[in-house]
Amino acid sequence: MSRYVGRFAPSPTGPLHAGSLVAALASWLDARAHGGVWLVRIEDVDTPRTIPGADHTILDQLTRCGLLPDAPPTWQSQRQTLYRNALTQLQAAGRVYPCVCSRKDIADAWAALGEQRLRNSELVYPGTCRNAAATHRPAAWRLRCALVPHSGQIDWLDRRSGPQSQDLATAVGDFVLQRADACFSYQLAVVVDDAEQGISHVVRGEDLADNTARQIGLQACLNLPTPQYLHTPLVLGPNGEKLSKQNGALAIDTTQPLQALNHAARVLGLTPCEGNVADALLAWTRQWPFSKA
Ligand code: GLU
């Protein structure tokens, strides 16, 4: 097998909770089971949502759980030049266009069409600015889905859930790579970073699976390789909703790291362990069901 490089890429919007620990553990185990390298990348590209100090809290929580990266962590906020270069390349190729639409403009455009298309509570972009004249207002930059190879019809294989398919134009519409406030989008930063860091395998939570087609389309536009993807099951809260920082998920208790890890291991279908963290991690690496993928 070619070199395995995996990563865990938390957004520092709060400490690790039971749900994010599942993704961290799964990506660590997948890298170890393949004899690969595991990196940690702090995704602080969305500066308004970043909580000061959350990055160091997360790194400390990972350390206490025995999940140590093989290289010093990276911070997206220090990698803006890479994102700018990628956007410049897409601008030069005419693959992106400036967009001045607010959320309300998008809702109004759909209302005028007498319909409304939503995906994950976000409105599909109806293409209002696609052919608009140049503007001097602060603009976002959107990728033209029609110019994505295969017209944006993306088929991919999830290592756990099997074949997946999404038509970008109808499912999400032309999507944002840089916002009007100049923040680069998660989609652009993640694609640029995964390629620049040589990531061969992405292992992350199921809630991110829906972004994969956009990321594969963007990789194709930038002539970047596509990693393999595995999306792990989500941890649901008492109300049946996905556990997230937004709905108040509690930080994992790192005074009891094995207990927190055992909870995550159960979600991944692994047998809980007694004893110490190092032995548990070794036992789960041996049990890891995706090591052949
Ligand atoms: N930063 C994203 C998050 O914490 C994860 C990105 C990824 O793994 O692709 O939700």
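Counting convention: from 1, in listed order, for ligands and their atoms alike.
Checking each of Arg130, Arg142, Arg144 against Asp174 for a salt bridge (charged side-chain N to carboxylate O under 4.0 Å, His left out) leaves exactly one that passes, namely Arg130.
Within 4.0 Å of ligand 1, protein heavy atoms come from Arg7, Ala9, Pro10, Ser11, Glu43, Tyr186, Val190, Arg204, Leu208.
Without hydrogens or angle criteria, Asp158 side chain to His231 main chain gives a donor-acceptor distance under 3.5 Å.
Residue pairs that meet the salt bridge (Lys or Arg N to Asp or Glu O under 4.0 Å) test with at least one member in residues 99-116, sequence neighbours left out, are Arg103-Glu122, Lys104-Asp108.
For the residue pair Thr226 and Gln215, no side-chain donor N or O sits within less than 3.5 Å of a side-chain acceptor on the partner. A donor and an acceptor atom, one from each side chain of Ser77 and Asp44, are located under 3.5 Å apart.
Taking every heavy atom of both residues into account, Val267 and Pro233 meet most closely at O-CG, 3.7 Å.
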